[in-house]
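In listed order, ligands and their atoms are each counted from 1. The structure presented is a predicted model; accordingly, all values stated were derived computationally and were not measured. Values reported hereafter were calculated over all heavy atoms of this structure, with side chains retained and with hydrogens, waters and symmetry mates removed.
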Amino acid sequence: MRTIFESMEHAAAIGIGGHVRPDGDCVGSCLALCYYLKKKYPNKKVDVYLEYVQDEFLFLPNSSLVKQTIDGSEKPVYDLFFALDSGDLDRLGFSEPLFHNAGRTVNIDHHITNQGFADINFIKPEASSTCEVLMDLLERDLLDTDLATCLYLGMIHDTGVFKHSNTTRHTMELAAVLISYDVPFSKIIDETFYQKTYLQNQILGRCLLESFMVLEGKCVVSYVKKETMDFYGAGSKDLDGVVDQLRVTKGVEVAILIHETGPLVHKVSMRSNHDVDVSAVAKQYGGGGHVKAAGCTVYGTIYDVINNITVHIEEQLKKLDTLRS
Ligand code: 5GP
Ligand code: MN
């Protein structure tokens with residue numbers, strides 16, 4: 001099998017796609033790879049496809065070149081196409097046809113549920129982030145402030161600024177290398193991770209206010225209707241961090257945020273504090289993720305969604321002997 005580096009050398013046109021509702025690790029890894037390829041091969045065509053880039057990530061290099069649609073009626077054909085941070089092929093969303101059309105495909109990811117859908121697969125479930133997997137693949141001598149900034153951003157977003165249990169010694173060692181390239185880390189952490197718009201805070205407040213406990217207080221659930229989101233003029237990216245705030249409720253094993261995205265369509269985000277495997281629950285509904293952070297789309301009424309998801313959580317809590325009854 002040709003190595004990833006040989007494939008890069010031979011490709012004249014390279015495409016990069018991340019997952020739908022791109023988060024920090026997704027945007028960071030896509031723009032890191034784009035920057036790296038453009039620096040190493042200035043004459044190659046390198047395009048990045050993402051559904052959107054959140055305002056707070058627009059300071060990253062090449063963010064203004066990101067394509068949010070496929071140009072023209074003829075789909076561009078890439079010699080090499082990278083799927084980054086995407087646990088499933090359909091997570092690529094609008095860029096999936098480009099993956100199918102490409103001469104050769106590479107899948108770089110850290111989702112435990114990733115089955116390895118490309119010609120070349122680098123899947124490291126033990127890695128904190130796709131940025132971590134990517135940094136281990138790339139030649140270090142091309143590191144500079146811009147490249148290090150992209151990689152660092154992805155790491156802090158997927159580790160919750162190095163506090164989630166996916167943070168390892170290796171993660172910290174890589175981060176140490178990155179900050180030595182003068183990454184403005186305090187600013188990046190404040191402005192991309194902690195800072196919220198007024199609107200985001202309002203929605204967060206509403207979700208917390210309307211949350212309720214089930215399963216003997218071991219599970220907290222909140223639900224946001226489409227009409228509420230429309231009222232605030234908010235999009236799903238404005239819900240980032242809400243489920244993480246629910247998770248830190250004292251006594252809770254699992255936090256669930258349900259977001260109505262269409263008639264009888266609900267996006268479910270789950271977080272686990274200890275032993276419940278939420279990726280196993282997400283998988284039951286065609287979703288995926290990590291043991292402690294996973295998501296899926298569930299069809300049905302909100303009552304169906306709550307009942308169905310919590311039954312799976314209850315089963316696991318019972319197996320773990322966490323429930324009294
Ligand atoms: P979040 O709850 O923040 O949307 O996602 C948590 C984790 O689960 C992320 O790593 C995300 O990529 C993954 N995830 C969320 N929704 C889905 C989904 O519908 N399918 C798959 N395969 N993974 C998902
Ligand atoms: Mn990730």
Side-chain angles (χ1 to χ4, degrees), residues 17-33 50-51 54 57 82-93 96 107-117 122-135 150-162 164-167 171 193 204 207 220-224 235-247 254-259 261-262 265-272 276-299 305 309:
H19 61 76
V20 290
R21 290 182 298 278
D23 55 13
D25 185 34
C26 177
V27 178
S29 57
C30 288
L31 292 179
L33 182 59
L50 290 169
E51 197 180 341
Q54 304 180 30
F57 301 152
F82 286 87
L84 298 190
D85 203 35
S86 304
D88 275 319
L89 195 45
D90 62 5
R91 293 274 291 159
L92 282 176
E96 190 184 333
N107 171 8
I108 302 177
D109 189 27
H110 68 128
H111 290 95
I112 194 167
T113 45
N114 194 316
Q115 304 281 316
F117 49 78
F122 295 97
I123 300 152
K124 294 236 164 109
E126 68 282 8
S128 66
S129 51
T130 297
C131 281
E132 182 174 326
V133 185
L134 190 60
M135 185 167 167
C150 294
L151 293 167
Y152 187 84
L153 182 121
M155 284 185 196
I156 59 161
H157 278 262
D158 264 22
T159 58
V161 193
F162 308 114
H164 297 331
S165 57
N166 58 358
T167 310
T171 314
F193 190 81
L204 168 67
C207 290
V220 63
V221 183
S222 190
Y223 166 54
V224 57
S236 44
K237 59 179 181 284
D238 295 309
L239 292 172
D240 275 1
V242 174
V243 71
D244 303 290
Q245 186 59 43
L246 290 168
R247 179 185 72 81
V254 176
I256 305 172
L257 177 68
I258 305 167
H259 166 205
T261 53
V265 187
H266 294 91
K267 176 75 206 162
V268 178
S269 272
M270 293 175 280
R271 296 291 183 271
S272 166
V276 173
D277 177 355
V278 286
S279 77
V281 179
K283 245 173 118 173
Q284 303 265 344
Y285 296 92
H290 312 285
V291 172
K292 293 189 173 181
C296 51
T297 298
V298 185
Y299 301 88
V305 178
I309 295 286

Item to check | Pair Asn114-Asn107, side-chain donor/acceptor within less than 3.5 Å | outcome: yes
Next on the checklist: Just to be sure I understand the cut-off, which residues have at least one non-hydrogen atom under 4.0 angstrom from an atom of ligand 1?
Outcome noted: Asp88, Arg91, His111, Lys267, Ser269, Arg271, Gly287, Gly288, Gly289, His290, Ala293, Ala294, Gly295, Cys296
Next on the checklist: Suppose we screen for side chain to side chain donor-acceptor pair (under 3.5 Å). Which residues come up paired with His157, at least two apart in sequence or across chains?
Outcome noted: Thr192
Checklist entry - Would a distance-only check, ignoring hydrogens and angles, find a side-chain to backbone donor-acceptor pair under 3.5 Å from Ser129 to Gly154? => result no
Item to check | Worked check of side chain to side chain contact (heavy atoms under 4.5 Å, CB included) between Cys296 and Val268 | outcome: CA-CA 5 Å; Cys296 51; Val268 178; 4.0 Å; yes
Next on the checklist: Under 2.8 Å from the Mn ion (ligand 2), which protein N, O or S atoms do you find? Ignore water molecules.
Outcome noted: Asp25 OD2, Asp85 OD1, His110 NE2, Asp158 OD2
Item to check | Cys26 versus Ser29, closest heavy-atom pair with distance | outcome: O-OG, 3.1 Å
Item to check | ring pair (Phe, Tyr, Trp, His ring centres under 6.0 Å) against His290, all qualifying residues, sequence neighbours excluded | outcome: His110, His111
Item to check | Interatomic distance, Ile258 atom CD1 to Lys267 atom NZ [nearest 0.5 angstrom] | outcome: 12.0 Å
Item to check | Nearest-0.5 Å distance that lies between atom OG1 in Thr167 and atom CD in Glu132 | outcome: 9.0 Å
Item to check | His19 NE2 to Glu51 CD distance, which is reported to the nearest 0.5 Å | outcome: 10.0 Å
